[in-house]
Asks: 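The structure is given below, and queries will be raised subsequently.
For reference, positions follow the sequence shown, starting with 1.
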Amino acid sequence: MSEHRYEGTWKLPNIEREQEGILFIDSEKGIIRLKLFIMGDNGWGFAHKLKTVCPIITGNLIGNNKITLVDNMVINRHEYLGAYTEVIVQVTWAFWGIHYLSKDEIRYNKYSVDMDGILNWCNLCKFDTDNLNDYKWVKSEKIKVKIKDNLSINFIPVCKGGKGTAMIEKQLQLEQYIEIVFEYTNPIYLEEFIEDLKTLEMFITVGSGTIPLRRNLYYYDDRNKMFPEVSNIIKPREIYVGEKQYSDGYETHSFNMLFGLKDIVSENQLPISRWNEIGEKIKPAINLYFSIVKYDDMPIEMKYLNIVQALETYHARFKYNDLKKYKKHVLQLFGCKTIDDIDEKQRNAYFDVTQSDENITYIILKSRLVDLINDDFRIHVNPVYTNGKVIELYDFIERVVDTRHYYTHYGKAKEKKAFKGIDMEYAITVLMHVFEYHLLIELGLPNAGAVGKLYERHQKLNNWYTQRCCKDDEENS
């Protein structure tokens, strides 16, 4: 049961009298809702005095606990025959243990989050054993990474469980996870921290191949000192978030990862600095790529369109978006003075009839994909398959383009050229691998094995594809 309910009284903006109500928090579904009960005949009038958007609502819960609800929206009002009026409020954030008068007060130097699903990515701790009867928890020191001028992040291994060495227990449960502490030189608003957190989560997802799971989110307020008389230690207080998470917290194996935390450290923290530098520029392409990872139940056609668009967007923003510059690049690549001097096969790939048309003033999709998949012939995505057979790389790219055009410019003639079924799955994965390769290069991680990992992943994909084709042939024979 992930839903918890808290009864108490609630103070609303511009309304003197506190109202009774129940707060519902469902951490799994990411839902926070407050149900208010306005008693008496004047309840309906009162309910309509309440503004639709309430920046701050404070609550006194049974048990003498305080809470502040932030960014609230009234989503329903209902009168029960004059006896009382029920008001439902949807909540974005809930701050445990404190009352705020306005959002301007919610600024801190320090936040933290406990995360599952990143143990292998961080590689900071593990349960080890020399024999089946002697287990121990092995951990490394925390790793501190400077993200930008005003922000440093600490990755700290944590192990919890047990009740002390002197206890005799029938069962002992231990769990390990990573605590990530965000330390700012100047206090920042919650929204800014959440933006930094989501940027880090996306960075980890790209590296690990899986979305991390937030266990708990905390803020550090100077008023919440653990022992005010004798210590300056600030006790973390929990933040509840009204946002669904798209993660089960499962770990991924290190051999499936593009890079890990220690790759960042070994490269003098360049990758994460670079991630912040290119963040806004690459965001549209990353969001398209990330949607495929995040929404596993997304229709396959949407996955296909998103990864093709991600590559096209990336090429336009980081490679070439000017046809004259692209043409100059192609001529330099082949050491030719004119397009006609280029070998026919390469010319038809990089600068085909459509691209050569004087009425075309932009770089077409086929040209962008050829440029990315070859990357000036630094990588070699071969062999590639379609219909259970090896296909020429440039013919494969033609099919990629034809399939995109079939879904965006429907026509019966295009249908025969479009990928379907297992070929569609295969093409999506090939294109994702190409995108990941270029992302590693952008992050300054070629030494982490950008080319090697692309090759290794492509070979695994081809093994999967050929085995599936053989299985299908056996079932159909």
Side-chain angles (χ1 to χ4, degrees), residues 285 304 307-387 389-406 408-409 414 416-419 423 426-442 446 450-459 461-462 465:
Y304 182 84
I307 190 57
V308 174
Q309 187 63 53
L311 286 165
E312 188 174 24
T313 301
Y314 168 76
H315 189 272
R317 286 171 173 250
F318 287 84
K319 298 294 184 180
Y320 304 98
N321 203 32
D322 181 279
L323 183 55
K324 290 181 180 179
K325 291 181 179 179
Y326 173 71
K327 183 177 180 180
K328 182 179 179 181
H329 157 67
V330 173
L331 291 173
Q332 288 178 342
L333 179 63
F334 293 102
C336 297
K337 292 183 178 180
T338 68
I339 293 297
D340 290 336
D341 293 336
I342 300 174
D343 171 78
E344 183 181 3
K345 177 182 176 181
Q346 302 299 340
R347 183 175 69 246
N348 288 338
Y350 278 87
F351 227 90
D352 69 1
V353 174
T354 303
Q355 189 68 83
S356 300
D357 189 329
E358 62 183 19
N359 295 315
I360 300 295
T361 59
Y362 56 88
I363 306 171
I364 63 174
L365 175 61
K366 177 186 173 182
S367 299
R368 294 190 188 280
L369 291 177
V370 169
D371 195 37
L372 287 175
I373 291 176
N374 276 335
D375 192 35
D376 296 354
F377 301 100
R378 283 188 287 261
I379 57 176
H380 195 58
V381 182
N382 258 323
V384 285
Y385 290 84
T386 297
N387 295 326
K389 299 176 182 178
V390 173
I391 183 174
E392 167 68 38
L393 178 62
Y394 291 153
D395 292 337
F396 176 82
I397 293 173
E398 286 274 12
R399 290 288 296 270
V400 171
V401 175
D402 289 337
T403 304
R404 208 282 282 273
H405 291 344
Y406 168 66
T408 56
H409 311 292
K414 297 182 179 73
K416 293 180 181 179
K417 299 178 181 179
F419 291 124
D423 289 328
Y426 177 82
I428 290 170
T429 310
V430 169
L431 297 175
M432 288 183 73
H433 290 169
V434 171
F435 184 85
E436 290 163 355
Y437 161 81
H438 284 282
L439 191 55
L440 283 179
I441 300 299
E442 289 295 338
V451 176
K453 285 184 178 178
L454 175 64
Y455 176 80
E456 182 182 323
R457 288 183 170 208
H458 189 65
Q459 295 310 306
L461 174 64
N462 283 347
Y465 179 85

Asks: Taking D375 for its side chain and R378 for its backbone only, find out whether a donor-acceptor pair lies under 3.5 Å.
Replies: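 No; zero donor-acceptor contacts below 3.5 Å.
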Asks: With rounding to the nearest 0.5 Å, note down the distance linking CG in L323 to NZ in K325.
Replies: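 One gets 12.0 Å once the value is rounded to the nearest 0.5 Å.
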Asks: Any chance you could measure L461, atom CG, to I428, atom CD1, to the nearest 0.5 Å?
Replies: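 The distance works out to 11.0 Å.
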Asks: What residues, two or more places apart in sequence or in another chain, satisfy side-chain hydrogen bond (donor to acceptor under 3.5 Å, both in side chains) together with Y320?
Replies: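 Per chain and number, Y320 pairs via side-chain hydrogen bond (donor to acceptor under 3.5 Å, both in side chains) with H329.
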Asks: Please list, chain by chain and in numerical order, all residues satisfying salt bridge (Lys or Arg N to Asp or Glu O under 4.0 Å) with D352, sequence neighbours excluded.
Replies: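 Once residues adjacent in sequence are excluded, the partners of D352 under the salt bridge (Lys or Arg N to Asp or Glu O under 4.0 Å) criterion are K366.
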Asks: According to ring pair (Phe, Tyr, Trp, His ring centres under 6.0 Å), who are the partners of H438, at least two apart in sequence or on a separate chain?
Replies: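 With sequence neighbours excluded, H438 shows a ring pair (Phe, Tyr, Trp, His ring centres under 6.0 Å) to Y314, given in chain and number order.
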Asks: Got a second to check how far I391's CD1 is from T386's OG1, nearest 0.5 Å?
Replies: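 Here the rounded value is 4.0 Å.
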Asks: Do the side chains of D371 and Y326 get nearer than 4.5 Å, heavy atoms only?
Replies: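 Yes, their side chains come closer than 4.5 Å.
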Asks: Output all residues satisfying ring pair (Phe, Tyr, Trp, His ring centres under 6.0 Å) with Y304, sequence neighbours left out; order by chain, then residue number.
Replies: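 Y304 satisfies ring pair (Phe, Tyr, Trp, His ring centres under 6.0 Å) with no other residue.
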Asks: Looking only at heavy atoms, which two atoms of V330 and I339 are closest? And how far apart?
Replies: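 Nearest heavy atoms, V330 then I339: CG1-CD1, 4.5 Å.
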Asks: Using a cut-off of 6.0 Å, state whether more than 12 heavy atoms not belonging to Y362 lie near its atom OH.
Replies: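 It does not: Y362 OH has 12 such atoms or fewer within range.
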Asks: I need the single residue from V384, I397, V430, V400 that forms a side-chain contact (heavy atoms from CB on, under 4.5 Å) with I373. Which is it?
Replies: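 The passing option is I397.
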Asks: Residues two or more places apart in sequence or in another chain: which of them pass side-chain hydrogen bond (donor to acceptor under 3.5 Å, both in side chains) with T313?
Replies: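 side-chain hydrogen bond (donor to acceptor under 3.5 Å, both in side chains) list for T313, sorted by chain: Q309.
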Asks: Are any side-chain N or O atoms of N462 and backbone N or O atoms of P383, one a donor and one an acceptor, separated by less than 3.5 Å?
Replies: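 Answer holds: yes.
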Asks: Just jot down the side-chain hydrogen bond (donor to acceptor under 3.5 Å, both in side chains) partners of N321, sequence neighbours excluded, or say none.
Replies: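 side-chain hydrogen bond (donor to acceptor under 3.5 Å, both in side chains) list for N321, sorted by chain: R368.
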Asks: For R399, enumerate each residue passing the salt bridge (Lys or Arg N to Asp or Glu O under 4.0 Å) test, keeping only those at least two apart in sequence or located in another chain.
Replies: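 None.
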Asks: Scan for salt bridge (Lys or Arg N to Asp or Glu O under 4.0 Å) pairs involving residues 335-351, sequence neighbours excluded, and state none if there are none.
Replies: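 For residues 335-351, and leaving out neighbouring residues, the salt bridge (Lys or Arg N to Asp or Glu O under 4.0 Å) pairs sorted by first residue read K345-E392.
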Asks: Who are the side chain to side chain contact (heavy atoms under 4.5 Å, CB included) partners of T408, not counting sequence neighbours?
Replies: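 Listed in chain order: L305, R404, H405.
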Asks: Could you please spell out the steps behind the side-chain contact (heavy atoms from CB on, under 4.5 Å) verdict for V370 and Q346?
Replies: CA-CA 10 Å; V370 169; Q346 302 299 340; 6.0 Å; no
Asks: Between D423 and Y465, does any side-chain donor sit less than 3.5 Å from a side-chain acceptor?
Replies: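 D423 vs Y465: donor-acceptor pair found between side chains.
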Asks: The criterion is side chain to side chain contact (heavy atoms under 4.5 Å, CB included); which residues satisfy it with D357, sequence neighbours excluded?
Replies: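 Counting only residues at least two positions away or on another chain, D357 forms a side chain to side chain contact (heavy atoms under 4.5 Å, CB included) with N359, I360.
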Asks: Does some side-chain heavy atom of Y406 sit less than 4.5 Å from a side-chain heavy atom of F419?
Replies: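 A side-chain contact under 4.5 Å is absent here.
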Asks: Identify the two heavy atoms, one from T403 and one from K417, that lie closest to each other, and give their separation to 0.1 Å.
Replies: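 Taking every non-hydrogen atom into account, OG1-O, 4.0 Å.
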Asks: Can you name the residues that form a salt bridge (Lys or Arg N to Asp or Glu O under 4.0 Å) with R317, not counting sequence neighbours?
Replies: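 R317 satisfies salt bridge (Lys or Arg N to Asp or Glu O under 4.0 Å) with no other residue.
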Asks: What pairs with N374 under side-chain hydrogen bond (donor to acceptor under 3.5 Å, both in side chains), at least two apart in sequence or on another chain?
Replies: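 side-chain hydrogen bond (donor to acceptor under 3.5 Å, both in side chains) check on N374 returns Y350, Y394.
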Asks: Examine Y455 together with Y437 and report whether their ring centres are nearer than 6.0 Å.
Replies: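 Distance test on ring centres: not under 6.0 Å, no.
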Asks: Which distance, rounded to the nearest 0.5 Å, do you find between the NZ of K327 and the OG1 of T338?
Replies: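 If I round to the nearest 0.5 Å, the distance is 8.0 Å.
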